Structures are given as C-alpha cells and as structure tokens.
Amino acid sequence: MGMNVIYYDVVMIMALGNSKQVDTLDELLSKSDFVTLHVPATSETANLLSAPQFAAMKDGAYVINASRGTVVDIAALVQAMKSGKIAGAALDVYPNEPAKNGENLFNNDLNSWAEELTSLRNVILTPHIGGSTEEAQSSIGVEVASSLTKYINEGSSIGAVNFPEVSLRDLDLDQENSVRVLYIHQNVPGVLKTVNNILSNHNIEKQFTDSRGDVAYLMADISQVDLADIKSLYEQLEQTPYKIATRLLY
Ligand SMILES: NC(=O)c1ccc[n+]([C@@H]2O[C@H](COP(=O)([O-])OP(=O)(O)OC[C@H]3O[C@@H](n4cnc5c(N)ncnc54)[C@H](O)[C@@H]3O)[C@@H](O)[C@H]2O)c1
Ligand SMILES: O=C(O)CC[C@@H](O)C(=O)O
C-alpha cells in the first residue's frame, strides 16, 4: 500500500519486511497517519487510546480498532472526530456488543455513546467480523488445536485466558523413571510445602507454579521414580485437601 509501518509493543518483536519497532506509544502516535490496534483486553490496555492519546496524534489521523472494544475510549474518540482532530475511524469491536442479530440492538442502552457514534459520517462500523476470513479461521483452528494438544500431552497452559499460564521445557519421556506432575489446586497457603513433601523422595528436576484468582497450577518434572511408586504418588496428591485435579504423565 506504499505505507511506512512502525509498531509499538510491550515486548521486542522481530520486524516483518521494512517495518520498525518504536520505543514508546507516544512516539508511534506522533508519527502515524493511521493507527491500528492489535492488543488483548487487559487492565493495561483499557482505554489505551483516550483523550490524551488522541491529542498526541497527528491532526487528521485515522484510528482502526479490530482488537478488543475496551482498548479505545469511544466517547473520547467521538469528541476527537467531532473536533476534526481525528479524521475518521473504523471500528469492529465495542465494550458491549449485541448478544444476537437484530435491528436497533446497538443503542444507548448497550453503550451510552452508541447513537452519537452511529450518527457520525466519518466512521465505518462492522459487527465484530475481523476474524471472519478464511486465513484467520484456519489460523484460529490450528492455534486452538495446538493449545489443547499441548495441554493434554505436556500440561502446558500457555495462552489460557481463564486459567494460570504454566509451562516447562519439553518433557523427555525417553528418560527412564521420569514423571511430570500436573496438580491443579486451590490458591491457599501451605500447598507447596505439602506437595513438595510428597515429591521429596524423588529428584525434582524442575518445577513451575502460578495462580489466577482462586486457582493455582503446579507442574513438576521428577526423576528416580519407580513405576510401582506412581499409583501411590497419584493417590497422595489426590488426597490433599487443596486438590482440584491431578494428572501424572509418564
Ligand atoms: N475483531 C476480531 O474478530 C478479532 C479476531 C481475532 C483477534 N482479535 C483480537 O485482536 C487482538 C490481537 O490479536 P493478535 O492475534 O494479534 O494477538 P497476539 O497475542 O498475537 O498479539 C498481541 C500483542 O499485544 C502485545 N501487548 C499486550 N499488552 C500490550 C500493551 N499494554 N501495549 C502494547 N502491546 C501490548 C503483546 O505483547 C502481543 O505482541 C486480540 O485482542 C484478539 O483477541 C479480534
Ligand atoms: O471469529 C472467530 O471465530 C474468532 C473470534 C475472533 O473474532 C476474536 O474476536 O477473537
């Protein structure tokens, strides 16, 4: 399209083509004619673009958001478009989206600024269809299937949005007498002491634990485990008062 592409991310991302990463969001905003958003909905990205960011953008710049509805403060965007600071916007996602098809569901009861937004002449609004391309659906299918396979075969929960994200480097099932312990438990004090006491007759090669709200997830690779010990290990973990689910991979 003949554009120069710059991008900002909280982590260093390898550049594609001749695009360039910039150090700050402000730098990106001050240099861009079109600003597009590709971040998840988190507490850090809520209203990532709001009145101060629109003020920091070039006069007559455009905003495109097909990521998540909470990332743009749409009331502030409406004001920035009315003043002419922002020349136009294309939005695919909204803080509250209609739960079904039908007329007049996108109204002020759903989002207080809905009628003001839809009355503007310089917006393109689409109903959360950004992912409805063959390529995106294919990638989503591969990503979901790989995530589930990794969880089932290795215990890795990386990418989960409602569960602690835990992973350990590859499981070496060729190594004899090794077991991977996967233990989902209540997020309360004293669990690691109890679990490590159960594991302590073996060699703990590596271990990782994380929590999300009330739930925590521990992964540990232990070696020097006789096959005959596995049932007892499983039963001891299952009998702990904090247990939600236990799996042993071997
Ligand atoms: N409209 C749709 O139909 C549709 C379809 C697919 C995906 N999405 C959404 O689009 C968004 C992006 O998707 P993706 O596949 O590119 O995600 P991704 O996980 O590949 O990339 C997200 C990037 O955002 C970065 N990031 C996180 N917090 C940040 C912050 N505070 N500031 C700057 N960068 C930050 C991450 O480091 C990561 O590189 C997601 O929210 C996704 O759910 C929408
Ligand atoms: O459309 C889909 O199937 C995937 C969902 C995607 O649009 C998203 O918003 O994350």
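Order of listing sets the numbers, starting from 1, for every ligand and every atom in it. Nothing here was measured: the structure is a model prediction, and the numbers come from that model.
- Close contacts of ligand 1 with Arg68, meaning ligand atoms under 4.0 Å from a residue heavy atom, involve 8 (N), 9 (C), 41 (O), 43 (O), 44 (C).
- Within a 4.0 Å radius of atom 18 (P) of ligand 1, the protein has no heavy atom.
- Any N or O atom pair closer than 3.5 Å counts here, and Ser132 shares no such pair with ligand 2.
- Nearest to atom 41 (O) of ligand 1 among the protein's heavy atoms is Val39 O, 2.9 Å.
- For atom 39 (O) of ligand 1, the protein comes within 4.0 Å by at least one heavy atom.
- The residue from Thr240, Thr246, Thr209 that alone fulfils the side chain to side chain donor-acceptor pair (under 3.5 Å) condition with Tyr183 is Thr240.
- A 4.5 Å side-chain heavy-atom check between Val93 and Val72 finds every atom pair outside the cut-off.
- A 6.0 Å sphere centred on CG of Asp226 holds more than 12 heavy atoms belonging to other residues, nucleotides or ligands.
- Looking at heavy atoms from C-beta onward, Leu29 lies in side-chain contact with Asp26 at the 4.5 angstrom threshold.
- With hydrogens left out, the protein atom closest to atom 27 (C) of ligand 1 is Pro40 CD, 3.6 Å, a heavy atom.
- The closest non-hydrogen atom to atom 44 (C) of ligand 1, taken over Ser43, Gly130, Ala66, Gly131, comes from Ala66.
- Proximity of Val10 to ligand 1, defined as any heavy-atom pair under 4.0 Å, is shared by backbone and side chain alike.
- Residue Leu117 comes nearest to Val123 through the heavy atom pair O-CG2, 3.6 Å, listed as atom of the first residue, atom of the second, then distance.
- An N or O contact shorter than 3.5 Å is missing between Val11 and ligand 1 by distance.
- For the pair Thr45 and ligand 1, the shortest N or O to N or O distance does not fall below 3.5 Å.
- For atom 6 (C) of ligand 2, the nearest protein heavy atom (residue, atom name, distance) is His128 NE2, 4.3 Å.
- In this structure, atom 4 (C) of ligand 2 has a protein heavy-atom contact shorter than 4.0 Å.
- Annotation for ligand 2: atoms under 4.0 Å from non-hydrogen atoms of Ile140 are 4 (C).
- Screening Gln207, Arg180, His202, Arg169 for a side chain to side chain donor-acceptor pair (under 3.5 Å) involving Asp221 leaves a single residue, Arg180.
- For ligand 2, the atoms sitting less than 4.0 Å from at least one non-hydrogen atom of Arg68 are 8 (C), 9 (O), 10 (O), numbered in the order shown with element in parentheses.
- Using bins of under 30°, 30° to 60° and over 60° for the plane-to-plane angle, the ring pair Tyr217/Tyr151 lands in the tilted bin.
- A 4.5 Å side-chain heavy-atom check between Asn111 and Ile74 finds every atom pair outside the cut-off.
- With hydrogens left out, the protein atom closest to atom 14 (P) of ligand 1 is His38 O, 4.6 Å, a heavy atom.
- Residue Ala61 comes nearest to Ser32 through the heavy atom pair CB-O, 3.8 Å, listed as atom of the first residue, atom of the second, then distance.
- In Val93, neither the side chain nor the backbone holds a heavy atom less than 4.0 Å from any atom of ligand 2.
- For the pair Asn153 and Leu249, the tightest heavy-atom approach, listed with the atom from each and the gap, is O-CD1, 3.2 Å.
- Taking the six-membered ring where tryptophan is involved, the planes of Tyr94 and Phe106 are perpendicular, since the angle between them exceeds 60° and thus also 30°.
- By the neighbour-count criterion of 12 heavy atoms within 6.0 Å, atom CD of Glu143 is sparsely surrounded, having that number or fewer from other residues, nucleotides or ligands.
- Under 4.0 angstrom from ligand 1, there are no non-hydrogen atoms of Leu25.
- Heavy-atom proximity to Gln137, at under 4.0 Å, picks out these atoms of ligand 2: 1 (O), 2 (C), 3 (O).
- Residue pairs that meet the side chain to side chain donor-acceptor pair (under 3.5 Å) test with at least one member in residues 2-24, sequence neighbours left out, do not exist here.
- In this structure, the protein non-hydrogen atom closest to atom 36 (C) of ligand 1 is Asp9 OD1, 3.4 Å.
- Within the 4.0 angstrom cut-off, atom 7 (C) of ligand 1 has no protein heavy-atom neighbours.
- Close contacts between ligand 1 and Ile13 involve ligand atoms 39 (O) [criterion: under 4.0 Å to a heavy atom].
- Taking a cut-off of under 4.0 Å to the non-hydrogen atoms of His128, the atoms of ligand 1 that pass are 1 (N), 2 (C), 3 (O).
- Nearest protein heavy-atom contact of atom 10 (O) of ligand 1 is Ser67 CA, 3.4 Å.
- Here the options are Ile124, Ile64, Ile129, the test is side chain to side chain contact (heavy atoms under 4.5 Å, CB included), and the partner is Asp92; only Ile129 passes.
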